[in-house]
Peer 1: 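Mind having a look at this structure? Questions to follow.
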There are 2 protein chains.
Amino acid sequence: MAKKRSQTMEENRAKLIAAARKAFAEKGYAAASMDELTAEAGLTRGALYHNFGDKRGLLAAVVDKIDTEMASRAQEIGARAGDDWQGLLAEGAAYIEMALDPEVQRIVLLDGPAVLGDPSQWPSQSSCLQATRQTIDRLIVQGALKPVDAEAAARLLNGAALNAALWIAASDEPQDVLPKAVEAFDALAAGLLKASA
Amino acid sequence: MAKKRSQTMEENRAKLIAAARKAFAEKGYAAASMDELTAEAGLTRGALYHNFGDKRGLLAAVVDKIDTEMASRAQEIGARAGDDWQGLLAEGAAYIEMALDPEVQRIVLLDGPAVLGDPSQWPSQSSCLQATRQTIDRLIVQGALKPVDAEAAARLLNGAALNAALWIAASDEPQDVLPKAVEAFDALAAGLLKASA
DNA sequence: AGCTTGACATACGGCCCGTATGTGGCCTAT
DNA sequence: ATAGGCCACATACGGGCCGTATGTCAAGCT
């Protein structure tokens, strides 16, 4: 059966994104060569500029893919928790753990913001952030949290988790530091609880 | 009076750092040209590679300078507060406000980590972080805070403040968002207080 | 004063990105 | 069925930038 035109195109896009994901993770955005990257995918730079416009466009596509994966996973973990509050903590811990992945760290947390700008402006809307925000919104409506700005709280929590992950990843004994980070994260999050006012 | 050799060298280093600070802030690290940058300082790339080794070395020097300035300012503000707890909150707010400076944002918060790696590994030790850590340490000894890991707490607080700043800077109405961010920051920090356990 | 040292300038090579142009196969219309 | 257009991708080209290797001239020591 002959392949449809649009299908091979979709396949090529996927190949390029996969190769870019690998190259960006291993060498970093700046050091990744488009020639090598496309050759790895069995294509040339022509395909790249046709599909993604430029190098930044490719990074954006990669970030979007990873970010989406992260969000769905975080939501899944959060939903598995008993209540919304436990879910929030679980999401935070999950976020910290995901950020331990060098791929996530390098691409989404380091090069992403530096090259693409503020994450909340990304097309993927930093899905992870949105999920956290919604959970916080629900908790505020339920009266469990202080009536702080949900967006602000979600942002700061994510920022805290992010830095925790960077810290853990850079440490010599990640497994030793992880529980400390999670403990501190839980403590900070508890500051949002109404009871602690 | 004839200038000493070491003196002119120090002056040239300062000129290069100043020019780099401007160029990096305006164009970003990647887009800043070393030729233009050195010409702006009245020198050539030769001086640059002799003094700083490479482009990264220059960025490191710039980051170190800004970071040091930030730390001294934060400590000054913190020391002016009534007690250590108020000082911690004041430092956090000061950090958020300083991060509103485009120069700080672009160089220290975006390009810095992307190019130089984790801030806590920098020679300046991310002085800001150290200051926060020490304050937290004191508060734990005083029994005001839960006995969490001071390093972890300092890291997460800084991360929260950092993201708050990025958020504010990217927003349309910074002055409108700033108080929300500070409020959320204070709430999170309150989670560290023993009384809230 | 002559020599050495080193701070800085100049010259060179190589890589990489983005664009402009070429081409071969798929799709459609008659 | 086939002829032509279109489009996804390949190839070719130019410009810029970084890092190094080499040159130069003044400062400092003897």
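In the text below, chain A, chain B and the rest are named by the order of the sequence lines, each starting its count at 1.
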Peer 1: Taking for each residue the nucleotide of DNA chain C with the nearest heavy atom, is it B:M9 or B:R45 whose nucleotide lies nearer the 5' end?
Peer 2: B:M9
Peer 1: A:D54 has an atom CG; how far is it from atom P of C:dC17, in whole Å?
Peer 2: 11 Å
Peer 1: When the distance from CG of A:L37 to P of C:dC16 is rounded to whole Å, what number comes out?
Peer 2: 11 Å
Peer 1: Within this structure, what is the NE2-to-P distance between B:H50 and D:dA21, rounded to whole angstrom?
Peer 2: 15 Å
Peer 1: For the pair made of CG in B:N12 and P in C:dA9, what is the distance, rounded to whole Å?
Peer 2: 8 Å
Peer 1: When the distance from CZ of B:F52 to C1' of D:dT20 is rounded to whole Å, what number comes out?
Peer 2: 19 Å
Peer 1: Of all the choices, C:dC8, C:dC17, D:dC18, which nucleotide is nearest to the side chain of B:L43 once you look at every atom?
Peer 2: C:dC8
Peer 1: Quickly work out the B:N51 CG to D:dG19 P distance and round it to whole Å.
Peer 2: 15 Å
Peer 1: Does the distance from a Lys or Arg side-chain N to an Asp or Glu carboxylate O, for B:K180 and A:E151, drop under 4.0 Å?
Peer 2: no
Peer 1: Would you say the side chain of B:L88 lies within less than 4.5 Å of the side chain of B:D84, judging by non-hydrogen atoms?
Peer 2: no
Peer 1: Please report, rounded to the nearest Å, how far the P atom of D:dC7 is from the CD atom of A:Q7.
Peer 2: 20 Å
Peer 1: Holding to side chain to side chain contact (heavy atoms under 4.5 Å, CB included), I want the full list of residues that pass it with A:E36, two or more places apart in sequence or in another chain.
Peer 2: A:K27, A:S33
Peer 1: Does A:R80 come within less than 4.0 Å of A:E76, counting only side-chain N to carboxylate O?
Peer 2: yes
Peer 1: Choose from D:dA10, C:dC17, C:dC8 the nucleotide whose nearest atom is closest to any side-chain atom of A:K55.
Peer 2: C:dC17
Peer 1: Could you tell me whether B:T44 contacts a base, only the sugar-phosphate backbone, or nothing, with contacts defined as non-hydrogen atoms closer than 4.0 Å?
Peer 2: base
Peer 1: Over how many whole Å does the gap from B:L16 atom CG to C:dA9 atom C1' extend?
Peer 2: 13 Å
Peer 1: Which part of the nucleic acid, if any, lies within reach of B:A32 when heavy atoms closer than 4.0 Å are counted: base, sugar-phosphate only, or nothing?
Peer 2: sugar-phosphate
